[in-house]
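What follows is one structure encoded as structure tokens, with my remarks underneath.
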There are 2 protein chains.
Amino acid sequence: MSDTIENKCIEKGVGLTAQRKIIAQVMSKSNDHPNVNELHKRVSLIDPKVSIATVYRTVKLFEEAGILSKHDFKGGKARYEKVPDEHHDHLIDVDTGKIIEFVDEDIEKLQKKVAQKLGYNLVDHRLELYGSKTKK
Amino acid sequence: MSDTIENKCIEKGVGLTAQRKIIAQVMSKSNDHPNVNELHKRVSLIDPKVSIATVYRTVKLFEEAGILSKHDFKGGKARYEKVPDEHHDHLIDVDTGKIIEFVDEDIEKLQKKVAQKLGYNLVDHRLELYGSKTKK
DNA sequence: ATAATTGCAAATGCTTTGCTTGTGA
DNA sequence: TCACAAGCAAAGCATTTGCAATTAT
């Protein structure tokens, strides 16, 4: 159970080549939200011959397979994390860039309610809080 | 009071050149959320010599002056709208691309509360709902 | 005059893709 | 063998920027 991503690949029928395995492992043990460049750096420590194009392709492949999820926070490059067991949203520290995950069931419910009220089924959403410990 | 953007420019000391005036006027009467390309098209109907570079520069200038606000919805180019009198969030119809504005005070309060609980002051946030009338 | 603004085209920066070579079943 | 994947470099796209020409104060 240590290597969830690899297992998911098998489940979803995603062929695991050597480079995909490395990318999977790196993401498995990452507890942050690296961008593609950062991910490529980490992968390169294991095998410096893996190209960044492969990282881009793999990350997209994993996303489409529901293995990774992609975030486009304000003013930056896309970041990835493993798809979590339970949904969460993010608070971004505007001073440090630190990302904190949180869950708030009430907000989730209200979002669904708002969508319904407007005549829609909520199929997706994006909630990001930008916070500071110092600024008002 | 018909031309809020032009007035704001004067208030904020933003020089109003001929091309900026056109861009201001177009945005003033737009009730949707055009992207730069679309905005440029509309501006071109009035003066086809205005370059898209100027539109980009102006839109950024207006944003920094608090006159326009920029949105990066999923999978698209940046869109702009005039800064509204009262804050609102957006629901995007995933089938048609239509954007609906909404306000929900409860969600607003909860967001602030979540940030506080995590030890932060909420300085900004992004809430987007993606909905469909047909898909579950 | 004198500083700011425009237009154009070239440059960015992230991401994707074409194509040839490599590789696994 | 044969379809799929990787590596490289070139291409894409939205956006930004350098610079010379233009305009406003």
Side-chain angles (χ1 to χ4, degrees), chain A residues 5-6 8-10 12-27 33-65 67-81 97, chain B residues 5-6 9-10 12-27 33-65 67-81 92 97:
Chain A
I5 295 183
E6 287 201 18
K8 280 194 185 174
C9 285
I10 295 163
K12 318 237 172 179
V14 170
L16 265 181
T17 63
Q19 21 290 74
R20 290 183 187 167
K21 203 171 295 184
I22 295 172
I23 294 166
Q25 285 171 351
V26 170
M27 284 306 297
H33 305 69
N35 59 44
V36 172
N37 203 53
E38 174 59 31
L39 176 54
H40 181 235
K41 272 191 210 157
R42 296 182 193 176
V43 166
S44 295
L45 295 178
I46 300 172
D47 180 353
K49 292 186 303 310
V50 176
S51 77
I52 197 160
T54 296
V55 178
Y56 271 107
R57 279 191 273 237
T58 302
V59 114
K60 173 181 262 188
L61 179 73
F62 284 179
E63 194 204 351
E64 284 160 358
I67 295 169
L68 291 181
S69 67
K70 179 184 182 181
H71 303 292
D72 287 284
F73 298 134
K74 288 196 181 189
K77 25 229 106 165
R79 292 159 165 275
Y80 291 84
E81 68 175 324
Chain B
I5 293 183
E6 287 201 19
C9 284
I10 295 163
K12 318 237 171 180
V14 170
L16 266 181
T17 63
Q19 21 292 72
R20 290 183 187 166
K21 203 172 293 184
I22 295 172
I23 294 167
Q25 285 170 353
V26 170
M27 285 305 297
H33 305 69
N35 60 42
V36 172
N37 204 53
E38 174 60 30
L39 176 53
H40 181 234
K41 271 192 210 156
R42 296 181 193 177
V43 166
S44 295
L45 295 177
I46 300 172
D47 180 353
K49 291 185 304 310
V50 177
S51 76
I52 197 160
T54 295
V55 178
Y56 270 107
R57 280 192 273 237
T58 302
V59 114
K60 174 182 264 187
L61 179 73
F62 284 179
E63 194 203 352
E64 285 160 357
I67 294 168
L68 292 181
S69 67
K70 178 184 182 180
H71 301 293
D72 288 284
F73 300 134
K74 288 196 182 189
K77 26 229 106 166
R79 291 160 165 275
Y80 290 85
E81 68 175 325
I92 296 96

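Nothing here was measured: the structure is a model prediction, and the numbers come from that model.
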Could I get a table of every N or O pair under 3.5 Å where one atom is in the protein and the other is in nucleotides 21-23 of chain D?
none

Nearest-Å distance, CD1 (A:I23) to P (D:dA5)? 13 Å

Report the residues that fulfil side chain to side chain donor-acceptor pair (under 3.5 Å) with A:Q19, sequence neighbours left out, ordered by chain and then residue number. none

Applying side chain to side chain donor-acceptor pair (under 3.5 Å) to A:S44 and not counting sequence neighbours gives none

Going 5' to 3' along DNA chain C, which are the first and last nucleotides with any atom under 4.0 Å from a heavy atom of chain A? C:dC14 to C:dG18

With sequence neighbours left out, write down each residue that passes side chain to side chain contact (heavy atoms under 4.5 Å, CB included) with B:K77, or none if nothing qualifies. B:N35

d(B:M27 CE, B:I67 CD1) to nearest 0.5 Å is 11.5 Å

Checking all strands, does B:A18 fall into the base, sugar-phosphate, or nothing category for heavy-atom contacts under 4.0 angstrom? nothing

Apply ring pair (Phe, Tyr, Trp, His ring centres under 6.0 Å) to A:Y56 and list each qualifying residue two or more places apart in sequence or on a separate chain. none

On DNA chain D, compare the nucleotides closest to A:V50 and B:D72; which residue's is nearer the 5' end? A:V50

Residues two or more places apart in sequence or in another chain: which of them pass salt bridge (charged side-chain N to carboxylate O under 4.0 Å, His left out) with B:R57? none

By salt bridge (charged side-chain N to carboxylate O under 4.0 Å, His left out), A:K70 pairs with (sequence neighbours left out) none

Please identify each residue that fulfils salt bridge (charged side-chain N to carboxylate O under 4.0 Å, His left out) with A:R42, with sequence neighbours left out. A:D32, A:E38

Side-chain N or O of A:T54 closer than 4.0 Å to phosphate OP1/OP2 of D:dG7: yes

Between CZ of B:R79 and C1' of D:dA14 the distance, given in whole Å, is 14 Å

Show the distances under 3.5 angstrom between N or O atoms of the protein and N or O atoms of nucleotides 16-20 of chain D.
unit_1 : atom_1 : unit_2 : atom_2 : d
D:dT16 : OP1    : B:K60  : NZ     : 3.2
D:dG18 : O6     : B:R57  : NH1    : 3.4

Does B:D47 have any salt bridge (charged side-chain N to carboxylate O under 4.0 Å, His left out) partners at least two apart in sequence or in another chain, and if so, which? B:K49

Whole-Å distance between D:dA6 C1' and A:R20 CZ? 9 Å

Which residues pass the side chain to side chain contact (heavy atoms under 4.5 Å, CB included) test with A:H33, not counting sequence neighbours? A:H71, A:R79, A:E81, A:H90, A:I99, A:E101

Side chains of B:I5 and B:L68, heavy atoms from C-beta outward: is any pair under 4.5 Å? yes

Atom CG of A:L16 and atom P of D:dA5: how far apart are they, to the nearest Å? 11 Å

